[in-house]
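Just so it is clear: chains get the letters A, B, ... in the order the sequence lines come, proteins before strands, and each one is counted from 1.
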2 protein chains.
Amino acid sequence: MDAKIIDVAAKAGVSPATVSRVLNQASGVRAKTRDKVMRAVDELNYHPNAAAKNLRQQKTMNIGVIAQDINNAYFTEIIKGIENMAYAQKYRVFICDAENQPEKEREYLTMLMDRTMDGVIMITPQLPDEEIGEMADKGYYIAVIGRHIEHAKIPCIYTDNVKFSRQVMEHLLACGHRDIVFLNGYPEAIDSYERLEGYLKALKDNHIPFRPELVENGNFNETGGFDAMERLIQKQIPFTAVFAANDEMALGVYQACAKHGISIPDQLAVVGVDNNRISKYITPSLSTVNQPKYTMGAIIVEKFIDQMNDNQFEDKRVFVVDSELLIRDSSNYNIKKS
Amino acid sequence: MDAKIIDVAAKAGVSPATVSRVLNQASGVRAKTRDKVMRAVDELNYHPNAAAKNLRQQKTMNIGVIAQDINNAYFTEIIKGIENMAYAQKYRVFICDAENQPEKEREYLTMLMDRTMDGVIMITPQLPDEEIGEMADKGYYIAVIGRHIEHAKIPCIYTDNVKFSRQVMEHLLACGHRDIVFLNGYPEAIDSYERLEGYLKALKDNHIPFRPELVENGNFNETGGFDAMERLIQKQIPFTAVFAANDEMALGVYQACAKHGISIPDQLAVVGVDNNRISKYITPSLSTVNQPKYTMGAIIVEKFIDQMNDNQFEDKRVFVVDSELLIRDSSNYNIKKS
DNA sequence: TTGAAAGCGCTAACAC
DNA sequence: GTGTTAGCGCTTTCAA
């Protein structure tokens, strides 16, 4: 149905090899020949068959991005950074939505085994380090965003969870809070672990005893945050602030507060993480931690493409970027010390 | 590096053809042979090379989705419907972000010409009907969501823009509004055109003269909505309600109102379209039109896959689904009639 | 039920 | 500067 290279060659009166040269290298061909070929290409509306090309060259110029959940703007913002940088380097980016399911991540990773993609960037905190490391051991190109993996072949970019977690805590402590809840994501996620670590360190630094009953899991989504908040209220332990490991869960906290008539920020301070778009619009506006998402995507894909080709920057594998605490209305309130 | 079919064949003591049979048809092979082959496949961790397979079979089992902007949950919600339905039918879905740029849509459409994808679903209102129709004429599989194209080969699913637009207007009129602004998207988009049509028809039905100065373009995004609202305020024409062609622009209206001290809904009623997640959380909550996004994605991909295979449902090409007006705080207020 | 072999459309090594 | 040709890894006739 479609024109093939041999048709173009016939029409231009040259060999297939010459057509290929014109289309790919552009050098080593006489200008006149080039023109003939290009004219034939246009007339036949020729597009090289990707499968044949990929098979022959053993590469695809495709990069896959496996995102934990494309409904969450945290991921889509990063993806835009990836997409634009990759595009400039002639790579195509294909986005895959894992919908929070590790099995789907694994399913999409088969794109590497069957060579549909030259490499895959994972923005997902669920699959264990070892599993990803094994893939890299087998020679597949993998990069990760938002986590750190100890493996010489895996580029990583992330913000220092422990660091910003402590910042959040210092802010809440400065407002006079002492009974601070930590609302965790699902415990398997590295983000959860590290943010909890920051929470604990901040308590320790300030000589405040850790009380395990102030920590709840909320699975990184809104209903999880709501349910966790309900459980906390049930427990009847007093607390004056909630540090949620992401904004989604903080939204759940807002819902629970609305239900129980708890007023934010004067009865309860709330801080989230991610700077979701909603966090700015909701009332009261939600204090949160902002990460340079677009930039993170752009940096890692640049490194990744380099690795898949010249590998000039072999020595630079791990990128830590700064985040920023945005203090908004949900926590901007000094309580009286007890 | 990776094992190929010939390696598996050698290890199992059979021919490549037999390995292929086992992996693909599963019938016409003796159980014992099957087992031998499967064992070899596992031991070698064999994954068929997609490029070779695609080249030979002249198909990829890949479906591309070109979304106008993946930062907008309207699109990602639809995509989830597509993804899950396609996955159940052994198709892989790859998402492409056009970032509101028609050139990018065209760029991604080359996935069809080079046979990277068996078909492409477009969720984008920008590219003209004719352009998409021409592709279909050439034999490429294309489906569209959120618009209607008069072409026998292009499956469409959409909600009736004119209809819900009139509903919105009837609601505003019932609240006593007479000077109602219509905030349009970019004029090229079909959605813009049809929603405007609904606005006009509602005016006519109610014998209210159309005043062109009450219509502004906002390009479907927040800043566009903000700027349009600024222009309207500059004009010093009185109006008591804004019907924005989507929620993003309505958010821009909120920003402009905040800046100018205009209170919603008592000084100005606002209604959007899309039921963006933010619309529920913002204060006052935004009245809007909800579409069954997930279902729309699922329905169209099911039809699309059928079309690419048996084409059993050839006669059923156009799907119109119902939308729902959600009246929330931003417009739930009766003004005194003047 | 299984194997041999052609060929999908392209690129790259080699020859001229 | 250009042409010839082998071969990328797979599936699918056709023959046995």
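Under a 4.0 Å N-O distance rule, the pair B/D129/B/R147 qualifies as a salt bridge.
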Next on the checklist: For a side chain to side chain contact (heavy atoms under 4.5 Å, CB included) check, start with the C-alpha distance between A/V321 and A/Q291, then their side-chain angles and the critical distance, and finish with the verdict.
Outcome noted: CA-CA 8 Å; A/V321 292; A/Q291 302 182 26; over 6 Å; no
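Where the helix from C/dT1-D/dA16 to C/dC16-D/dG1 starts and where it ends, the local axes point in directions that differ by 40°; five pairs per end, rounded to 10°.
With no hydrogens or angles considered, no side-chain donor-acceptor pair links B/T60 and B/N54 at under 3.5 Å. Side chain to side chain, B/T110 and A/R92 meet the donor-acceptor criterion of an N or O pair below 3.5 Å. In summary, the side chains of B/N84 and B/Y294 do present a donor paired with an acceptor at a separation below 3.5 Å, with no hydrogens or angles considered. For B/E188 and B/Y193, the side-chain atoms include no donor-acceptor pair closer than 3.5 Å.
One atom, CG of B/L55, and another, C1' of C/dT11, lie 13 Å apart when rounded to the nearest Å. Going from atom NZ of A/K53 over to atom C1' of D/dG7 covers 18 Å, rounded to whole Å. D/dC10 atom C1' lies 16 Å from atom CE of B/M61, rounded to whole Å. Taking atom NE2 of residue A/H47 and atom P of nucleotide C/dC10, one finds them 12 Å apart after rounding to whole Å. Between A/L44 atom CG and C/dG9 atom P the separation is 14 Å, expressed in whole Å. The distance from atom CG of B/D7 to atom C1' of D/dC10 is 13 Å, rounded to the nearest whole Å. In this entry the distance linking CD1 of A/I6 with C1' of D/dT5 reads 12 Å, nearest Å. Rounding to whole angstrom units, CD of residue B/Q25 and P of C/dT1 are separated by 12 Å.
Phosphate contact (OP1/OP2 of C/dC10, side-chain N/O of A/K4, threshold under 4.0 Å): absent. Side-chain N/O atoms of B/T18 include one lying less than 4.0 angstrom from OP1 or OP2 on C/dG3. Between B/N54 and C/dC8 there is no side-chain N or O to OP1 or OP2 distance below 4.0 Å. For B/N49, no side-chain nitrogen or oxygen approaches OP1 or OP2 of D/dC8 to under 4.0 Å. Note on B/Q58: a side-chain N or O is less than 4.0 Å away from OP1 or OP2 of C/dG9.
Below the 3.5 angstrom threshold, one finds a donor paired with an acceptor across the side chain of A/R21 and the base of D/dG3. Between the side chain of B/R115 and the base of C/dG9 there is no donor-acceptor pair of N/O atoms closer than 3.5 Å.
Comparing B/T33 and B/R56 by the nucleotide of DNA chain C that holds the closest heavy atom to each, the one mapping nearer the 5' end is B/T33. Along DNA chain D, the nucleotide nearest to A/A52 and the one nearest to B/A17 differ in position, and the one closer to the 5' end is contacted by A/A52. Comparing B/R30 and B/Q57 against DNA chain C, the residue whose closest nucleotide sits nearer the 5' end is B/R30.
Out of D/dC8, D/dT4, D/dC10, the shortest distance to the side chain of B/I5 is found at D/dC10.
For the pair A/D118 (side chain) and A/M61 (backbone), a donor-acceptor distance under 3.5 Å is present.
A search for salt bridge (charged side-chain N to carboxylate O under 4.0 Å, His left out) contacts involving B/E99 returns A/K80, B/K104, not counting sequence neighbours.
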